[in-house]
Amino acid sequence: MKRVQIFQPGGPEALAMTEAPMPQPAAGEVRVVARAIGVGRPDVLIRNGTYKWMPPLPATPGGELAGVIDAVGPGVEPALAGRRVLVSARELAQRGGCYAEAVCVPADAPFELPEAISFDDALSLPNFLMADALLNRCNPGVAARRVLLTGAAGGVASAVIQLARLQGSEVIGVVSSPEKAAFAAANGATHVIDRQRESIPERVMALTGGEGVDLALDHIGAGVLVDCLHALAHFGMVVSYNIVGGPPQPEIFGELRKLVGRSLALRCFSIHSFDHDRATRRAATERLIGLMAEGRIAAPAATRMPLDAVQEAHRVLDAGATMGKIILIP
């Protein structure tokens, strides 16, 4: 079978397509044959060797895979064979591993998929899990009337928009091009700001009658995170869940002190906060599967590429040129 491996961290060229024997499920395991494989930011961190939860080299990236169980190991119920499932590396002992035509995982790790959810769409469920945590776990008990969302055309952001709207929040998306603005608006953003042409704080205050937003979710960092602080309402919170653009500039605590009259908060969030809490992770994922099957949330439009084009997929991701989800097809 085909499998992507990293022998030496680096750029997209570090992703090597290799051949390996078809894995055989051990006791307590099932084998899942891939029909679609997700591409995400953690894969880039594994590729360049900076992931805090880095698997040992040679490593296979990939945080999610959707497919069919085609074999079971000793001690596993034979009736599991043939089931459509989602495999998330969040349910495995080691992150990564899904850039392959087949994987063997513990029998209790995959999530069964109803027929109403396609393999492609299932790959957005981990994004919805992240979105659910960002909206509901970072400031528990506080419902945000208004949410500011940077990088609003991405996979996680697309999920945030839908869940926030489902919960009754107004969403202001921030993008970097007219094309991404159209994508975010079509996905449900109430308002969209093009940060290349408009000041984020000024536009937010204009849209909210000078009140600001209750919650800002940012994965860019750099000056954008500071802009988010200045767009907050009194007692508002910025949640930083990545810094793809680099550390905040200028120095963040100094900016907080400048705005001390608003009593603002900054939280750094990682989905790894739930690594120890399997019950919460799985219950939330099952709830989201139900919402998707009912048509109450929907996967955004995806860019589909063959598994052989994995290097190109990472170049697109590195360039920030993608909208929605990138999916590899074995």
Side-chain angles (χ1 to χ4, degrees), residues 1-49 51 53-73 76 80-113 118-127 155 285 302-317 325-330:
M1 70 164 191
K2 292 180 180 178
R3 177 178 64 182
V4 177
Q5 287 188 291
I6 300 164
F7 296 91
Q8 183 67 35
E13 69 282 353
L15 298 164
M17 188 65 65
T18 64
E19 290 287 339
M22 182 67 79
Q24 299 302 315
E29 291 186 336
V30 296
R31 184 173 67 202
V32 182
V33 175
R35 296 289 186 265
I37 300 164
V39 178
R41 292 284 175 187
D43 304 344
V44 174
L45 300 180
I46 291 175
R47 187 200 78 208
N48 63 30
Y51 197 41
W53 297 268
M54 187 73 184
L57 296 176
T60 295
E64 59 260 348
L65 173 156
V68 177
I69 296 174
D70 78 329
V72 302
V76 177
L80 291 179
R83 292 191 182 179
R84 305 169 71 254
V85 295
L86 168 71
V87 174
S88 170
R90 292 172 187 163
E91 302 301 318
L92 306 180
Q94 181 67 65
R95 291 299 173 99
C98 292
Y99 283 11
E101 290 185 315
V103 295
C104 290
V105 299
D108 63 351
F111 295 94
E112 186 168 359
L113 296 173
S118 71
F119 292 126
D120 282 12
D121 288 353
L123 296 178
S124 287
L125 286 164
N127 294 137
T285 302
T303 300
R304 303 175 91 241
M305 306 175 76
L307 181 59
D308 289 341
V310 63
Q311 292 186 1
E312 180 58 26
H314 273 241
R315 290 187 187 99
V316 171
L317 194 62
K325 189 83 175 176
I326 298 179
I327 295 174
L328 299 173
I329 306 300

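- Formation of a donor-acceptor pair under 3.5 Å by the Q8 side chain with backbone atoms of I6 is not found in this model.
- Taking the side-chain hydrogen bond (donor to acceptor under 3.5 Å, both in side chains) definition, one finds that R41 meets it with nothing, sequence neighbours left out.
- Take P106 and apply the side chain to side chain contact (heavy atoms under 4.5 Å, CB included) test, not counting sequence neighbours, and it matches L92, D108, A109.
- Here the side chains of V33 and P330 are not in contact, with every heavy-atom distance at 4.5 Å or above.
- Identified under the side chain to side chain donor-acceptor pair (under 3.5 Å) test for residues 31-40, with sequence neighbours left out: R31-D70.
- Evaluation of the side chain to side chain donor-acceptor pair (under 3.5 Å) test over residues 53-68, restricted to residues two or more places apart or in two chains, returns E64-K325.
- By the side chain to side chain contact (heavy atoms under 4.5 Å, CB included) test, A36 pairs with F119, D120, L123, I327, I329, sequence neighbours left out.
- Within the structure, salt bridge (Lys or Arg N to Asp or Glu O under 4.0 Å) contacts touching residues 2-20 (residues at least two apart or in different chains) are K2-D308.
- What you find for A14 and P9 is that their closest heavy atoms are CB-C, 4.2 Å.
- The two atoms that bring A309 and M305 nearest to each other are O-CE, 4.1 Å, heavy atoms only.
- No donor-acceptor pair under 3.5 Å is formed between the side chain of S124 and the backbone N or O of N127.
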Q: Walk me through it: do V316 and T303 pass the test side chain to side chain contact (heavy atoms under 4.5 Å, CB included)?
A: CA-CA 10 Å; V316 171; T303 300; 6.0 Å; no
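- Side-chain contact between L86 and L125: present, with at least one pair of heavy atoms (C-beta onward) separated by less than 4.5 Å.
- Among residues two or more places apart in sequence or in another chain, the side-chain hydrogen bond (donor to acceptor under 3.5 Å, both in side chains) test is passed with T18 by Q5.
- Sequence neighbours left out, the pairs with a member in residues 89-100 that pass side chain to side chain donor-acceptor pair (under 3.5 Å) are D43-Y99, E91-R281, E91-R282, R95-H272, R95-D275, Y99-H314.
- Of all heavy-atom pairs between L65 and C98, the closest is CD1-O, 3.5 Å.
- Side-chain contact between M54 and I46 is present, with heavy atoms from C-beta onward closer than 4.5 Å.
- The two residues P23 and M1 make their nearest non-hydrogen contact at CD-SD, 3.6 Å.
- Looking only at side-chain heavy atoms (C-beta outward), I37 and V310 stay at 4.5 Å or farther from each other.
- Taking each heavy atom of L328 and P306 in turn, the nearest pair found is CD2-O, 3.7 Å.
- Shortest non-hydrogen contact noted between N48 and L45 is OD1-O, 2.9 Å.
- If you take CD on Q311 and CE on M17, they are separated by 8.5 Å, rounding to the nearest 0.5 Å.
- Within the 4.5 Å cutoff, no side-chain heavy atoms of C104 are placed close to those of Q24.
- With contacts defined as side-chain heavy-atom distances shorter than 4.5 Å, the pair V30/P110 qualifies.
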